[in-house]
Amino acid sequence: MLERASAAGKVDLEACESALRPLTLAAGAKSLGVLLESVGKGRRDEETVCECGTRMESQGLRSKELLTILGPVTYTRSMFRCPSCGATRFPGDEELDIVGTSRSPGLRRMMARAGSRTTFKEACGDLEVYAGLTVSPKDVERVAEKIGEDLEAWSARERKDYLREDRPVPLKKILPILYIAYDGTGVPMTPWELVGRKGKQADGSAKTREAKLGCVFTQTTLDEKGRPVRDPDSTSFVGQIESAEDFGWRIYAEAVRRGLESAREVVILGDGAEWIRGIAEMHFHCATQIVDLYHAREHVSNLCKLLFAPNEKQIERKRQKWWKHLDDGDVEKILREAAKLLPEDSSQMKSARKELAYLDKNKERMRYAQFRSRGFFVGSGVVEAGCKSIVGLRLKRSGMEWSLRGANSILALRCATFSGILEDYWESRAA
Ligand SMILES: [Zn+2]
């Protein structure tokens with residue numbers, strides 16, 4: 001091809017680079033094959049012992065086709081079998097981190113990354129175009145799920161270490177303000193994951209399960225207008241579909257990892273839902289709790305509609321006025337005024353009382369004037385954006401239905417990616 005090009009005196013660059021890539025990869029695969037010839041066979045210094053404690057016996061060589069980022073490589077290594085329980089081991093596979101898989105670590109890493117970013121089908125297309133690798137969507141799904149699961153198991157061990165204080169948190173400079181924000185968002189699930197679950201469908205059934213997403217970030221400065229500024233690259237995320245209790249420990253451990261102990265101020269941002277308050281009270285009882293201002297406004301708007309419909313002018317006038325009280329942090333003023341204006345219709349009254357109860361229960365979390373004077377964020381936009389970008393863009397695309405295992409694996413991968421800790425995980429594997 002090169003000769004033809006030079007004879008023609010004209011080079012079709014794209015044709016050449018496309019034709020050369022597979023040749024180059026094949027040459028690399030060949031070298032890799034040579035390199036692997038010395039791994040996993042021949043005399044071993046230590047004996048191979050079964051999990052049951054018995055000394056295993058060599059069964060001679062076995063080959064498997066290993067798929068790598070350079071293409072397929074045939075790998076031959078010794079197999080050992082346990083004479084008492086029949087289990088087998090391939091020490092070579094253990095050395096190369098390919099136990100029970102025919103895909104190399106480099107390839108698995110690429111597949112997990114691709115499959116966590118977009119649909120498994122699109123991921124295959126990306127791998128083909130970017131790396132010249134042919135894999136199936138099912139392959140990508142399996143590999144991404146397995147790695148997501150291993151990653152979650154690894155981070156569970158890390159959490160335990162932090163919580164037992166076995167792992168000293170590297171001493172950071174004092175953090176002026178540490179924010180912890182969390183929220184829930186529905187993930188569409190396959191029907192069998194929803195059997196017996198109550199939901200928001202008309203017939204009371206559920207189509208989704210709630211993924212809980214939390215983020216931790218820090219703030220050191222205010223801008224020239226006195227508004228808080230989030231420290232660049234300071235946001236990390238955790239998220240899973242799990243109970244509020246389990247999630248509470250997850251977000252708490254994340255806060256510890258991020259320097260909870262060295263924070264001068266800790267602020268919890270949320271939408272005022274019961275599980276959010278519950279976690280705050282259990283794990284962060286010294287923190288300042290703030291209900292997202294926009295949620296609070298929404299509740300005040302709803303209240304105005306319930307009290308003054310169908311008088312649009314009145315609704316608008318009261319909304320402006322009460323939003324002002326809200327900004328001042330004077331929820332009591334709204335409660336006093338509204339209590340005198342309850343609608344006569346009993347179902348309207350019930351709904352209005354519900355809104356009043358929400359405001360009353362959360363009033364200490366709505367002292368916005370005071371929060372602003374202390375330079376705090378009063379909106380939970382960061383975690384809401386996280387719900388969209390981490391959960392929504394990958395897990396809530398139209399027509400998707402997830403298994404719990406699949407959704408949680410992908411969530412683990414995406415949170416780790418967005419938090420910049422995926423590299424730590426790969427390093428821990430290599431160690
Ligand atoms: Zn055994």
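The figures here come from the full heavy-atom set of this structure, side chains too, leaving out hydrogens, waters and symmetry mates. Both counts, for ligands and for their atoms, begin at 1 and track the order of listing.
Ser104 and Thr68 are not linked by any side-chain donor-acceptor pair at a separation below 3.5 angstrom, with hydrogens and angles left out of the test. Residues Thr48 and Arg55 have side chains that never bring a donor and an acceptor to within less than 3.5 angstrom of each other.
The one candidate from Glu95, Glu51, Glu94, Glu57 that meets the salt bridge (charged side-chain N to carboxylate O under 4.0 Å, His left out) condition with Arg89 is Glu94.
Here Arg103 does not pair with Glu65 in a salt bridge; the nearest charged N to carboxylate O distance is not below 4.0 Å.
Any protein N/O/S atom under 2.8 Å from the Zn ion (ligand 1) was counted, giving 4 altogether.
Relative to the ring axis of Trp275, Lys212 places its NZ or CZ within 45° and under 6.0 Å from the centre.
No side-chain donor-acceptor contact under 3.5 Å links Lys64 to the backbone of Ser102.
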